[in-house]
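Written out below as C-alpha cells is the structure these notes cover.
Residue numbering restarts at 1 for every chain, and letters A, B, ... go by the order of the sequence lines.
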There are 2 protein chains.
Amino acid sequence: MRNGLRNKGLRRYDSPMKHRPTVKDVAKAVGVHASTVSRALNPEKRGRLSDDLVARVLAAAETLGYRTNALAASLRTRRSMAVGVIIPDITNPVFPPILMGIEDALRAQGYISVVANTGNDSERARIAVEQLTARRLDGLILATALRRDPLVDLCLARGMPAVFVNRRDETRRIPSVVSDDEAGVQLAIEHLVALGHRRIAHIAGPSITSTGFARRRGFEFAMAEVDGAPRPPLVVEARTYGRDSGHQAFLELLALNPKVTAIVTSNDLLALGCCDAMREARLSCPADISITGYNDMPLLDIVTPPLTTVRIQHHEMGAEAARMLIDIIENRERRAAMDIVLKPDLVVRGSTAAPRATPAKLQLAEP
Amino acid sequence: MRNGLRNKGLRRYDSPMKHRPTVKDVAKAVGVHASTVSRALNPEKRGRLSDDLVARVLAAAETLGYRTNALAASLRTRRSMAVGVIIPDITNPVFPPILMGIEDALRAQGYISVVANTGNDSERARIAVEQLTARRLDGLILATALRRDPLVDLCLARGMPAVFVNRRDETRRIPSVVSDDEAGVQLAIEHLVALGHRRIAHIAGPSITSTGFARRRGFEFAMAEVDGAPRPPLVVEARTYGRDSGHQAFLELLALNPKVTAIVTSNDLLALGCCDAMREARLSCPADISITGYNDMPLLDIVTPPLTTVRIQHHEMGAEAARMLIDIIENRERRAAMDIVLKPDLVVRGSTAAPRATPAKLQLAEP
DNA sequence: TTGTAAGCGTTATCAG
DNA sequence: CTGATAACGCTTACAA
C-alpha cells in the first residue's frame, strides 16, 4: 500500500465539477493580493488589517461562495485538525459510546475524527495506521484491544502522536485511558460473596486482549482473598468476546466443575452466551447459577434474566482520550499522569441471587 | 465555519517530528528525477520504465521508509479516494451494520470512509457536509433520515456526488438505496392477520423521517385491504425512535382505543417501549396484545418476549450505496435504476400470537 | 497595513 | 524512456 491513492489508477471525474473559488478569486474580486485574503480570513491575524478591508474580503468570500481547501491548508501548515480512531468492530456496542465521547471532545476543540474499522484483523489495523498517516492526520486514538500490539511500534516509528482508549499498552510507551478492570471484577465478586457465593468461576475474554487479561487477573487476585473459594481459581478462557464463545465456555466450565454457583464473565455477550447454554440445559439463572456481565451494553435490562453487570464510563473514556491526545498534539504540558483510570460501577439486576441451600443437580439435559 | 482549520489558531507542533522522506529524497538516493520516482511508484505508468529502474526506486523507497503524502497527491490529482458518511447516531444499532457494508464495499475499490455523527442535529449535519467538502472528499453517503433535507441542496450546490442510504430523497434529485418499508410493514400485517388479528394499530416513527413516513403509509395502505380493520386506521406517532417514546405512544394508543389486539411499530425500540409499558400495566405480550418491531436489531431474540420483527439487509444496503456512489464518482455508466430497493424479511418470534377469544380487559393497573 | 515570493509534496505535461 | 517545469491552493517570512 505504498500508493493507496492510485491503486485503481486515475479516474476521470472531470464532469460538471464546478470551479471552486480560491483565495485568488476572492483577491481579484476585492482588488487585493491573495495573501491579504488569507490573513483576512484568519481570525488570528485579522487584527493587523483595516476593519474595512476585512469586511470587504469577508463579503466577497461570502458572495463567491468561497470555502477554504483544507487539503491545501493542511499541506502548507502541516496540521490537519483531524485525528484518526482505530476501532476493532463498530458493531460491538461498547464502541459507539466511546466514539461519541471522542467526537464530542474533538469537536469542542475544532478537530474532526476519521474512524477506521479493522474487523479485529491486525493486518487491516496496520493498513489503517498507514493510511491515516499518509493522510497526515494529527494523531491517532487506538481502541484495538491487543495486549502486545505492533501498532505501537508503527506509531512510534512514524512519529505519530497516539493514545490508547479502553486498553493499556503493556510496554507503557503510549499513554492510555482505561476503566479499572481489576476493580470492576472485584465489585462483581464482592456482590456475589455478599449473596453467599463461594464457588465462583470466571469466563475470561481472550487473553491476547488487554481487557480479557486484566479482568482475569482481577478475578484471580480478588478470589485469592475469598475464604472457601476454589483453589486454584476456576477460569475458562473464551475464544472470542461473542455470544457463541460464551455458550461454549459455559459448557467447558461445567464439565470442569459442575458445582459452581456463580460465574463472573469478562463481557456481557459472554454472559448472554452462558444464559443461552443454561436455557438449553434447563438450568435456571439465577436460581441454579448466578451470572454477571461486563460493560452494561444496551437492552440488558430487558433480556431474560436482566443481567447484573459492571458499567464502565464509555463516553467519558472516549472524551478523556481525545483531550489527552490533543494535549499531546499541541504540546501542552502533559497531564501529570500518563494514564487515566476511570472507576466502574456495579449494576445489580436479576441474574444474581443467593445460591440454593442445596446445590442444584448440574447435569446437562440429554441432547 | 469558513476556516475550520484555523479555528483555534496555529499550534506549535514542531516537536521531534521526524522528517518524512519525499519523492525528492528517493530521487536523490537513486540518482534520478523526482518525477521518475513518482512514475515508478505508480503501478499504472510503471510500464514505460525500465524494470531495473523501477526495482531500484522501489528498493530505495523501501529503505528510506518513504510513504506518499496523500494530502499532496490529492491536491494535485483532485481525487482523495475517500468518501464521507453522514450518520445521525452511531449509537443506534441500525447504523453499525450499514457502516460495515459501506466500508467493505469502499475498501474493495480502494476507498476509505470518513464518518461524521450528527447527533440528529441538522446544524451539525450541515457543518459536517461543509467540513467534508472542505477536505475534498470524493463523495458523500447520507444516512440521515429526514424527508425534506436541506443537505440535498447543499450537496448539489457544492457539486458533491452523493447517495442516500436507508432513505430516499422526496425530490428525487439524489439516488438512494433503501429497504422496501411498505413491503416490510405489509409482511408484519399479513402475519398478524393470519393469526386472526383485525384490530391492528400502528405506532409510527417521527413523520419527518423518511422511514417513519414510509412505514406509516405502508400501514395505512395495507390496512385498507383488511376486512374488519378499524376505520380510519389506528395510528399514533412517536416523538422519537427511542424506547421512552414507544412507552408513551403505547399509553396514548390505549387511551385512544383500548381494544387493539396487535400493534405494528415502526422500529424495534418503539416495540420494546411498548413492552415496557405493558409490563407496567400488567398486560401480557403476546397474550393480551401482539407486537412487532422493525429492523431486527441485536439481542431481540433474548428479550422478553422475543420480538417478532422485520429484518432489513443493513450490510447489503450499505454496500450497494457505496458501490453506487463510486460508480457516480468515476463516471461509470450509472446503473439503470436511480434507486435500489431491497426486500425485507419477517422474523417471527414470541411477541406475536393469536388474539384471545375474549378481548382482555385493557385497563391500566392503578399507579 | 499590504504585497512579494517561496514552498508544502505530488503529478501532468511537454520536451528531449 | 526520462528530465525539467509548472501547478494544485494555501500560508508565511520577508519586504516595502
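Across the protein-nucleic acid pair, A/Leu71 atom CG and D/dA7 atom P stand 20 Å apart, rounded to whole Å. A straight line from CG of B/Leu41 to P of C/dA12 spans 13 Å, rounded to a whole angstrom. Straight-line distance from the NZ atom of B/Lys28 to the P atom of C/dG9: 12 Å, rounded to whole Å. Remark: P of D/dC8 and CZ of B/Arg136 are 13 Å apart, rounded to the nearest angstrom. Distance CD (A/Glu44) to C1' (D/dT11): 14 Å, rounded to an integer number of Å.
Residue B/Ile86 forms a side-chain contact (heavy atoms from CB on, under 4.5 Å) with just one option from B/Val114, B/Val115, B/Leu142, and that option is B/Leu142. Of the candidates A/Arg167, A/Arg168, A/Glu320, A/Glu316, A/Glu320 is the only one forming a side-chain contact (heavy atoms from CB on, under 4.5 Å) with A/Val177.
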- Per-nucleotide protein contact string for nucleotides 2-8 of chain C (B base, S sugar-phosphate only, - none; heavy atom under 4.0 Å): SBBBBBB
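Residue B/Lys45 places at least one side-chain N or O under 4.0 Å from the OP1 or OP2 atom of C/dA12.
In terms of modelled atom types and a separation under 3.5 Å, the side chain of A/Arg136 and the main chain of A/Ser80 share no donor-acceptor contact.
Judged purely by distance below 3.5 Å, without hydrogens or angles, the side chains of B/Arg173 and B/Thr171 pair a donor atom with an acceptor atom. Side chain to side chain, B/Ser74 and B/Arg78 fail the donor-acceptor criterion of an N or O pair below 3.5 Å.
Ion pairing of B/Arg172 with B/Asp339 is present here, as a side-chain N (NZ or NE/NH1/NH2) and a carboxylate O approach within less than 4.0 Å.
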